[in-house]
Amino acid sequence: MISTERVADVFVQVADTLVAPFDLVDFLHELTDLAADLTGADAVGLVLADHRGALRFMAASNDAGMALELFQIQAEEGPCLDCFRTATPVLEVDLGTAEDRWPRFAPRARSAGYQWVHAFPMRLRDQAIGALNLFGGGAGAPDPEESRVIQALADIATVAILQQRALARAEVVTEQLQGVLNSRILIEQAKGALAQRESITPDEAFARMRQIARREQRHLDQVAAEVLGVT
Amino acid sequence: MLDRICRDAVAQAGLWGIGVTVRTPTGPEPVVFTTPVVRELEVVQYVLGEGPTGEALASARPVLVHDLADQRARWVQFADAAMARGVGAVYAFPLQLGAVRVGVLTEYCATGRRLDPTEVVASIDLAERLRDLLLDVLDDRPPAELLASPLLRSEVFQAQGMVMVALGVTLADALVRLRAAAYAEGIDLNDLASQIVSGRRPMLNAGDDPE
């Protein structure tokens, strides 16, 4: 159950993020953190489709979320793929009974301690550009109200990526998605460089870069480019 | 080889022309131009300091213009120069892998011709292929598989950054060395990177020079 105040808070926070200087890459990470925070999810991942319609990992609330997404992409099966392909939510409450549906993913997720998964499409009209995926163990699966809130957040993220409300031109979609997928690679490179330079972990490096970006009101990928010494 | 690939692409898609510009320390250099007029337009962009090629490189995103006349205000001088030569649409794709920015592929269409979505997808594929080939110029090993495949783990890019700092080489060089080490040991690039990032394996040292 999410309180009305919390919902209002979240949307104000998101609205603030959407005004200039808007940092899309940071926002997508923030979205996974928010979804984890608002629900009982133990791990949240976000995937986006590339120009060929192949899903690529974009962001996660923790390593477990990333691992779950990468596993599905590699195995070519799983809730996030189903969700993306059908552009409809996939709400699987019991992974214990999902072996027929996902013969490789379900047992793997179960043995890692996950019991439920809720995948929300990031959609534009009737087509999805990606998916926001929540995983959890125990009885914390989102109720209908929480699901509506998460779907609304996913829809906002889609709009943010496409930047146009009703009539996104196909080329804007392509430009934006290519840019954001490349930004992710750049950020990973910077995480490694900063980790090596400062003798910290890549995750700590990432946290530092986000802090700097916020404090100095700069985009995350600008901070990352600076870490790498490129302009 | 780059030349042949681009000419084939022009012939196959019925394009007005293709240009590939590469980043060098002294500025962008046209390395492929399927006609002299293409080279002229790439140089015009550089001299004027405006145009889709430079914008794609700077923004790290493709710049897709189906109708140059309609978008003339973006780069007035370039648009006029291009349209005067019979160009109606321009598509510029950065050749990049994260912060490794190799150059730009620019496709030109004659007035009245534009790329449909399938052709844009094919162009992105071409851009990735050209990028990989250009990165291979630094590397004697067999041509790269697609470097940014969905199956490459984050650790590969993180390891790239780590090697860059540890060895004091460029990001592109770091990737070459990682690939060389993986190839020499007969292990998957993902696994090598994982080992380095997790500290299960010591950092590559300068002695692991592929030369």
Side-chain angles (χ1 to χ4, degrees), chain A residues 47-60 63 66-67 69-70 72-76 169-199 201-203 205-206 221-222 224-231, chain B residues 23 55-56 58-67 89 91-94 96-101 114-118 120-125 127-128 146-167 170-171 174-175 190 193 196-199 203:
Chain A
V47 293
L48 289 179
D50 70 12
H51 62 292
R52 296 214 141 270
L55 284 179
R56 306 258 202 116
F57 170 72
M58 187 62 215
D63 281 349
M66 176 173 75
E69 300 294 29
L70 289 174
Q72 291 177 74
I73 290 172
Q74 190 139 21
E76 293 178 323
R169 291 172 295 132
E171 58 269 24
V172 171
V173 176
T174 304
E175 290 173 2
Q176 269 284 41
L177 287 176
Q178 285 293 300
V180 92
L181 287 169
N182 194 61
S183 288
R184 187 224 141 198
I185 293 175
L186 191 155
I187 285 167
E188 295 297 338
Q189 291 163 341
K191 279 161 75 171
L194 190 57
Q196 182 72 21
R197 197 174 286 147
E198 305 289 321
S199 300
T201 68
D203 282 348
F206 185 49
D221 51 4
Q222 275 170 16
E226 197 176 80
V227 163
L228 292 165
V230 301
T231 46
Chain B
R23 268 179 104 220
E55 200 173 292
S59 68
R61 290 162 37 156
V63 174
L64 312 175
V65 181
H66 290 303
D67 186 345
Y91 305 86
F93 302 89
Q96 63 192 2
L97 187 71
V100 181
R101 290 181 297 152
R114 55 195 296 178
L115 296 185
D116 64 34
T118 316
V120 172
V121 166
S123 302
I124 296 175
D125 282 347
E128 290 185 355
L146 275 176
L147 288 174
S149 109
L151 302 179
L152 267 191
R153 299 189 70 96
S154 304
E155 282 93 334
V156 172
F157 307 116
Q158 290 172 14
Q160 196 184 357
M162 289 177 168
V163 169
M164 179 190 94
V165 168
L167 270 50
T170 66
L171 212 42
L175 185 60
N190 279 322
I196 290 178
V197 170
S198 65
M203 168 54 64

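Owing to the predicted nature of the structure, the values given are computational and were not obtained by experimental measurement. Chain A is the first sequence line, chain B the second, and so forth, proteins listed ahead of strands; every chain is numbered from 1.
Contact of V163(B) with chain A is not made at all, since no heavy-atom distance falls under 4.5 Å. For chain A, the nearby parts of A60(B) are the backbone and the side chain; heavy atoms of each come within less than 4.5 Å.
Within the model, atoms CG of D203(A) and CD of Q158(B) stand 7.5 Å from one another, a figure rounded to the nearest 0.5 Å. Taking CG from L177(A) and CZ from R61(B), the interatomic distance works out to 9.5 Å, rounded to the nearest 0.5 Å. Rounded to the nearest 0.5 angstrom, Q74(A) CD and N190(B) CG are separated by 7.5 Å.
With hydrogens and angles disregarded, no donor-acceptor distance shorter than 3.5 Å links the side chain of Q96(B) to the backbone of N182(A). When atom types are taken as modelled, the side chain of E188(A) and the backbone of G98(B) share no donor-acceptor pair closer than 3.5 angstrom.
The heavy-atom pair separating Q196(A) from A166(B) by the smallest distance is NE2-CB, 3.5 Å. Across every non-hydrogen atom of A195(A) and M162(B), the tightest pair is CB-CE, 4.1 Å. Contact between H51(A) and V121(B) at its shortest, heavy atoms only, is O-CG2, 3.2 Å. The minimum heavy-atom distance linking Q189(A) with L97(B) is given by the pair NE2-O, 3.0 Å. Closest of all the heavy-atom pairs between M164(B) and A193(A) is CE-CB, 4.1 Å. Considering every non-hydrogen atom in both L228(A) and A99(B), the closest pair reads CD1-CB, 3.5 Å.
When the shell of 6.0 Å around CD of E76(A) is examined, it contains 12 or fewer heavy atoms from other residues, nucleotides or ligands.
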D50(A) vs I124(B), side chain to side chain contact (heavy atoms under 4.5 Å, CB included): CA-CA, chis, key distance, verdict: CA-CA 10 Å; D50(A) 70 12; I124(B) 296 175; over 6 Å; no
